Amino acid sequence: MYCTRKVQDDLIWVGADDRRLPFFEGVYGVPDGVSYNSYLLLDEKTVLFDTVDKAVYGVFLENLAHELGGRKLDYVVVHHMEPDHAATLELVLTRYPEATVICNAKIQTMIQQYFPLDLTGRVMLVKEGDTFSSGRHSFTFVMAPMVHWPEVMMSYDTTDKILFTADAFGSFGALNGRLFNDEVDFFGECLDEARRYYTNIVGKYGPQVQAVLKKAAKLDIALVCPLHGFVWRSHFGDYLEKYLLWSSYTPEENSVMLAYASVYGHTENAANILAAKLVEKGVKVRMHDTSVTPASFIVSDAFRCSHLVFAATTYNAGVFVTMENLLHDIAAHNLQNRKVALIENGSWAPTSGKVMTDLLSGLKGLEFIGDKITLKSALAANQMEQLEALAQAIADELAPKPAEVEFAAPAGTAFSVDNVDNKVFSKFSYGVEVLTTVVDGKDYGCIINTAGQVASADPKKITISCIKKNHTCDMVMKAGRFNISILTEDAPYSLFQRFGFQSGRDVDKFADLPYDVRTSNGIRYIPEFTNAVLSCEVIDVKDLETQTLYIANVVEAKVLSSAPSCTYGYYHAHIKPKKNPAPEQKECWVCKVCGYVYEGAELPDDFTCPLCKHGKDEFEHVVPEVKPKQKGYVCSICGHFEPCDGELPADYVCPLCHHGKEDFTPAEQ
Ligand code: FEO
């Protein structure tokens with residue numbers, strides 16, 4: 001029975017999933033299956049875009065016949081002749097003898113190489129920029145050689161802005177009923193398989209992919225229809241960003257991919273010790289046993305990580321076979337721009353280090369770091385220092401870098417408190433954000449107003465500054481990464497209370513939140529009352545006495561809404577409740593949700609809180625008590641009143657927001 005899905009009213013997915021394929025292209029395991037996508041356009045003319053692998057020909061032919069509904073098939077556009085998309089082309093052309101093939105000359109040659117078909121009068125040849133109309137839809141053809149074979153081309157529907165991309169933007173993994181990228185948590189669930197697909201299938205052809213990306217950048221794209229994986233109808237820019245990184249051989253993250261080949265466990269032992277030392281120094285490690293993990297997964301992580309460590313035993317006067325295969329594979333996929341360290345082992349004549357060096361030395365932009373470590377059978381006690389030195393050398397590369405510019409302070413005006421009017425600092429305009437991170441599976445977050453972009457070259461850089469007494473500040477130091485959720489003007493005061501006026505040491509600030517959404521780094525973000533989220537990797541840290549300044553690369557960023565950002569000034573003017581009137585002065589009603597104060601003895605039944613929009617039920621009637629005024633200090637940050645007859649102690653810290661004495665002014669309540 002047919003199994004199809006609509007891409008839009010006149011474009012139907014007629015492909016199929018394959019979950020029984022053990023190895024894609026005979027080499028890449030696909031534990032989650034794979035989809036073969038084919039699309040049928042029902043315009044004035046009917047047009048089929050590619051066919052499918054022979055493994056799923058039965059349901060594909062049923063799909064096609066059902067969706068044609070008795071109409072004839074007028075055209076078959078062939079974008080790519082690899083048999084996972086073209087094996088059933090002969091069947092289609094035989095079953096639909098009136099169909100004309102639209103393809104380029106290289107594709108026509110390959111059709112004739114694969115199939116003994118007489119295509120006389122049945123081929124419309126196209127080249128770069130040629131156009132074709134099927135009725136309402138018009139198409140332009142874009143040549144995409146080596147993405148993934150030399151004959152590959154793409155089609156762009158200029159009517160509905162649909163780009164048919166052949167293998168590009170595909171992914172391993174069966175669709176399982178889901179057709180669109182937004183029907184799945186793509187960056188959470190599917191990115192690893194998408195990366196493994198890209199790196200192993202087209203990773204070698206980065207420059208050619210870049211050339212196609214340049215062409216695609218000029219197009220207005222509403223839908224992307226690849227031959228494997230999901231149809232993209234939203235957030236395509238996020239996926240495009242990944243392609244830009246992968247195709248330029250730019251690491252996605254500052255981390256170490258550690259692969260080892262060990263026969264009796266001694267090389268593995270050294271690898272484990274190195275991994276532990278790296279993690280202790282705050283370095284993220286992804287580790288693989290080359291005898292266990294298929295090479296395609298390791299190649300994928302080699303594209304992902306900035307630093308690679310290979311540890312292998314000597315074998316047959318060379319290097320152990322699984323490591324040899326892996327390094328051949330990495331070299332064949334043209335990986336570039338990586339830092340590499342080596343550990344070799346050999347009981348009598350260690351040679352694996354030299355062989356590994358030779359296998360990798362042709363890679364562009366490759367740099368060996370640290371001294372090669374040579375084990376004789378097993379790690380000797382005095383070699384622990386060598387592993388420590390290698391771990392430190394790598395950590396030094398990934399940890400904060402010293403300032404590139406030596407700055408000599410000029411002789412200038414000496415600092416004097418009297419020369420600095422603190423009111424100046426309230427003239428700055430700041431945004432307000434929720435800073436989040438995760439350590440050992442626990443989520444942390446706080447409000448900050450200090451995030452700002454400081455460098456525009458990719459990867460873009462931002463800084464944030466956190467109060468040291470704030471628990472989230474410590475956790476960012478530990479995690480080395482964080483998210484920034486940019487708050488919008490409709491953010492309720494309760495959100496500020498949740499993240500700003502309590503400590504993660506005492507409470508779980510995320511308890512009872514109705515959502516748990518995370519970016520691909522595993523850190524939560526705030527999807528409501530925000531307009532953007534940025535995921536950042538810390539690259540430098542500065543101690544500013546009371547605060548810590550973090551400089552970070554933005555590794556992922558997406559827009560969540562078009563609502564205006566909340567500034568610190570807007571928060572004070574419109575969100576933060578007005579100070580409670582002194583109880584002896586006025587009777588009032590206080591909103592229990594956001595703290596808004598309605599002055600007066602009677603609150604109308606139909607009253608709605610202007611801040612959080614709750615009704616009268618959420619208001620508490622406050623009847624003033626008459627009591628003597630109390631002297632003290634009020635925090636200009638959070639409004640906390642600290643009773644005090646004299647001076648606040650010099651090391652006084654606000655129990656709510658952790659700001660110091662300098663943010664308090666004398667007050668009476
Ligand atoms: Fe999906 Fe290059 O074939």
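Source: prediction; values computed, not measured. Note that ligands are numbered from 1 as they come in the structure, with each ligand's atoms numbered from 1 the same way.
Taking the salt bridge (charged side-chain N to carboxylate O under 4.0 Å, His left out) definition, one finds that E253 meets it with K284, R286, R304, sequence neighbours left out. Not counting sequence neighbours, R122 has no partner by the salt bridge (charged side-chain N to carboxylate O under 4.0 Å, His left out) test.
Between the side chains of N254 and H307, no donor-acceptor pair of N or O atoms lies under 3.5 Å. Between the side chains of D301 and H288, at least one donor-acceptor pair of N or O atoms lies under 3.5 Å.
Closest to atom 1 (Fe) of ligand 1 among the N, O or S atoms of H228 is NE2.
Heavy atoms of other residues, nucleotides or ligands lying less than 6.0 angstrom from CZ of R19 number more than 12.
For atom 2 (Fe) of ligand 1, the count of nearby protein N/O/S atoms, taking only those under 2.8 Å, is 4.
Annotation: ring-ring contact (aromatic ring centres under 6.0 Å, His included) contacts involving residues 90-129, sequence neighbours excluded, are absent.
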